[in-house]
Amino acid sequence: MYRIRKALPGYLFLLPACLLFAGFMFLPIFKGLQLSFQKWTLNGYEWVGFSNYNHVFGDSFFWKSLWITAVFTVITVVAGLVLSLIAAFMIDPFQQRMQGVFKSAFYLPSVAPIVIVSIIWLWLYHPSFGLLNYLLDFVGVSPILWLGDPKIALFSIILMTVAVSQGANILILVTSLGGIPKDYQEAARIDGANLWQEMIKIKLPMLKPTLTYLIVVNTVGSFQVFAPIYMLTGGGPNRSTTTIGYLIYENAFKKFDFGVASAQAVVLLVIVMIIAIFQFRTMSEDLEY
Amino acid sequence: MLFSSSEQCPKIWNIDGDNRCYKEGEGLVILRIKGYQLVSFIILSIAALALLFPFYWMVLQSFKPPTSAIQTPPDLSWGGFTLDNFKKLLDGNIWVWTSNSLIVAISGMLGNVILCSMAGYAFAKKQFPGKRILFWAIVSIMMTSTQIIMVPLFMQIRDMGLLNTYWALLLPILVSPLAVFLSKQFMQTIPEDLLEAARMDGCSEWRTYWNIIVPVSMPVLAIVGIFGFITQWNDFLWPLLATESRNMRTLQVGLASMQLQNVDYGLVLAGATWTMAPIVILFVAFQRFFVKGLTIGAVKG
């Protein structure tokens, strides 16, 4: 009895948040699992066993979308982190105030709503009056159908994503670099290391925990890309930009095939969970009880 | 830091004869710029300008005649400003969308600050069975965005008969795992003595939380609040799914629909500028909170 009374305040403080988490995050996950074994007909929900999954795995569009998502994720994450790392190494030696200016300049585009970013880039990419083709024309390259060519469209979306979403990465990396004790740097300098060696041999290895964290977070995020696809291409042309996230949306809210969409969402959840397990490993080092 | 003799100070720049010793990372800009820094400075500036230029162009065009946005070659000239686009914008649904967005973003902010800080407090300072598992369950949701649960969440809200109401927009966003995580991380650092003192003075549990924990936690609550506001202001997918009628749309959904059915670039860009303005204001006003918020969970030390 005493133990319950002692534990009670903790539970009461948790109650409102936990009710909302349970009702609108956990319940939907379980409901999604249930829906993935059901079909929605005029008579209501009907159990259909694994038929939705059979449909999903037998569907060439599904495999294609997984491939597109993987290409999108790998290129976005790798290119994004390499660029962020270069930017962070360049920002690091500056004094505080100058660092702040650069951090803000790179971070602002990444807090802009993705809808607005997409509107602007749709305009930059416009085949006839877009700024990018105008610039290409300037240097004598013939205009590119940025979003209309099935071979190029995905890379146009990748280009936009990489360009506008590095703010958080850069901020975190610069902060991390600033946290490296100066002793290491001085020791390396005394031993005659040049700036390049200092970066690669001393600082890069010390960034490993931060980089692991960023890789996981970026990968999980990229795997679920939706809004840029919705805004820029609608999955086209010729389905060349239909990622798994967009495919789920299409199945559920255009074809109203909720069962199949749920089965696909479950597959996506499993993939994301596998990536997330690594997340817990890296994060648990930071957490103490 | 002032040094009297050169023995303590490895390098002395004798500026104005004050014999000041500048540590690394402070001092006059001119003195500290070295060759590689100049190169870095130029490359970083070009990159930053290239990233910011599209936003500048958006704002510029929203103040120009509607056809200016689709001119070839692109019209980058300064001048010929007009408010036509904004007049047209303000005659439309923009006020309704803005108030919807404000309702959503403010509720998200308050929900995150109050409900999640209560949860964070329990995780940081209270002992009870099942704490660890509950905490990890909540943190694990960070990995699942709306993207994954959108179909069942939509069905659930529809079955509850709430689609196209404020409830549909608000219920799923009042709490966020990140807010719980951030408040817990911060509140763990509040000294136990402070709480002990409150208990001695006979504070009730709620009073301890409200009069001691909340004021002390203001730095992290500000971060949680700003992040909550901006995340909800920017959110697109859930408002898109949860609303059908024009009057329930948020700015983001409204803008997307304008973009998809409109060829009036001037109008769309004015809408984008309108929607972006609060973000920029918040960003400029609370910049340092962004840096802190991002690095709390991510960087050691």
Using a 4.5 angstrom heavy-atom cutoff, name the option from [options] with the most pairs to chain A.
{"options": "B/Ala47, B/Ala48, B/Ala69", "result": "B/Ala69"}
{"options": "B/Tyr209, B/Phe236, B/Phe283, B/Phe55", "result": "B/Phe283"}
{"options": "B/Thr273, B/Leu282, B/Val180, B/Leu241", "result": "B/Leu241"}
{"options": "B/Val151, B/Ile279, B/Ile70, B/Leu115", "result": "B/Ile70"}
{"options": "B/Gly130, B/Gly271, B/Pro177, B/Cys116", "result": "B/Pro177"}
{"options": "B/Val280, B/Ile230, B/Ile138, B/Leu76", "result": "B/Ile138"}

Does a donor on one side chain and an acceptor on the other come within less than 3.5 Å for [X] and [Y]?
{"X": "B/Asp159", "Y": "B/Gln156", "answer": "no"}
{"X": "B/Asp235", "Y": "B/Gln252", "answer": "no"}
{"X": "B/Ser183", "Y": "B/Ser117", "answer": "no"}
{"X": "A/Ser36", "Y": "A/Asn52", "answer": "no"}

Under 4.5 Å from a heavy atom of chain A, the part of [X] involved:
{"X": "B/Ala179", "answer": "neither"}
{"X": "B/Leu255", "answer": "both"}
{"X": "B/Leu153", "answer": "both"}
{"X": "B/Leu269", "answer": "side chain"}
{"X": "B/Leu49", "answer": "neither"}
{"X": "B/Leu171", "answer": "both"}
{"X": "B/Ile114", "answer": "neither"}
{"X": "B/Ile43", "answer": "side chain"}
{"X": "B/Ala50", "answer": "neither"}
{"X": "B/Leu251", "answer": "neither"}
{"X": "B/Gln61", "answer": "side chain"}
{"X": "B/Glu205", "answer": "both"}
{"X": "B/Ser176", "answer": "backbone"}
{"X": "B/Val253", "answer": "neither"}

Are the side chains of [X] and [Y] in touch, meaning some heavy atoms are under 4.5 Å apart?
{"X": "B/Tyr265", "Y": "B/Ser68", "value": "no"}
{"X": "B/Met155", "Y": "A/Leu35", "value": "yes"}
{"X": "B/Leu195", "Y": "B/Ile213", "value": "yes"}

Side chain, backbone, both or neither: which part of [X] has an atom under 4.5 Å from a heavy atom of chain B?
{"X": "A/Ile248", "result": "both"}
{"X": "A/Leu108", "result": "both"}
{"X": "A/Leu15", "result": "neither"}
{"X": "A/Leu83", "result": "neither"}
{"X": "A/Ser128", "result": "backbone"}
{"X": "A/Phe138", "result": "neither"}
{"X": "A/Phe258", "result": "both"}
{"X": "A/Phe102", "result": "side chain"}
{"X": "A/Tyr249", "result": "both"}
{"X": "A/Phe253", "result": "side chain"}
{"X": "A/Val117", "result": "side chain"}

Checklist line | Close aromatic pair by centroid cut-off 6.0 Å: A/Phe26 and A/Phe30 | finding: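 No, the ring centres sit 6.0 Å or more apart.
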Notebook entry, point to check: Can you check whether A/Phe13's main-chain N or O pairs, donor with acceptor, with B/Lys126's side chain at less than 3.5 Å?
Noted result: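 The answer is no, because no donor-acceptor pair under 3.5 Å joins these two groups.
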Notebook entry, point to check: Do the side chain of B/Ser62 and the main chain of B/Val59 share a donor and acceptor less than 3.5 angstrom apart?
Noted result: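 The answer is yes, because a donor-acceptor pair under 3.5 Å joins these two groups.
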Option that, when pairs with chain B are counted at under 4.5 Å, heavy atom only, ranks first among [options]:
{"options": "A/Ile114, A/Val164, A/Ile91", "result": "A/Ile91"}
{"options": "A/Pro109, A/Ala265, A/Gly130", "result": "A/Pro109"}
{"options": "A/Tyr107, A/Trp121, A/Phe106", "result": "A/Tyr107"}
{"options": "A/Leu268, A/Leu33, A/Val111", "result": "A/Val111"}
{"options": "A/Pro28, A/Ala87, A/Ala7, A/Ala261", "result": "A/Pro28"}
{"options": "A/Phe21, A/Trp123, A/Tyr11", "result": "A/Trp123"}

How long is the straight-line distance from [atom2] of [Y] back to [atom1] of [X], given to the nearest 0.5 Å?
{"X": "A/Ile119", "Y": "A/Met231", "atom1": "CD1", "atom2": "CE", "result": "4.5 Å"}
{"X": "A/Ile215", "Y": "A/Thr210", "atom1": "CD1", "atom2": "OG1", "result": "11.0 Å"}
{"X": "B/Trp274", "Y": "A/Ile116", "atom1": "CH2", "atom2": "CD1", "result": "12.5 Å"}
{"X": "A/Leu211", "Y": "A/Ser84", "atom1": "CG", "atom2": "OG", "result": "9.5 Å"}

Next item on the list: Walk me through it: do B/Leu134 and B/Phe128 pass the test side-chain contact (heavy atoms from CB on, under 4.5 Å)?
Entry: CA-CA 11 Å; B/Leu134 274 174; B/Phe128 50 88; 4.3 Å; yes
Next item on the list: Evaluate side-chain contact (heavy atoms from CB on, under 4.5 Å) for A/Thr243 paired with A/Gln224, printing each intermediate quantity in order.
Entry: CA-CA 8 Å; A/Thr243 57; A/Gln224 304 177 42; over 6 Å; no
Check: Near B/Trp167 CH2, under 6.0 Å, is it more than 12 heavy atoms from other residues, nucleotides or ligands?
Finding: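 No, the 6.0 Å shell around CH2 holds no more than 12 heavy atoms from other groups.
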Next item on the list: Start with the C-alpha gap between A/Val174 and A/Phe89, add the side-chain angles, then the distance that decides, and say whether side-chain contact (heavy atoms from CB on, under 4.5 Å) holds.
Entry: CA-CA 7 Å; A/Val174 171; A/Phe89 273 138; over 6 Å; no
Margin query: Could you walk me through whether B/Trp238 and B/Ile157 satisfy the side-chain contact (heavy atoms from CB on, under 4.5 Å) test, starting with their C-alpha distance in whole Å, then the side-chain angles of each, then the deciding distance to 0.1 Å, before giving a yes or no?
Written below: CA-CA 11 Å; B/Trp238 181 242; B/Ile157 296 280; 3.9 Å; yes
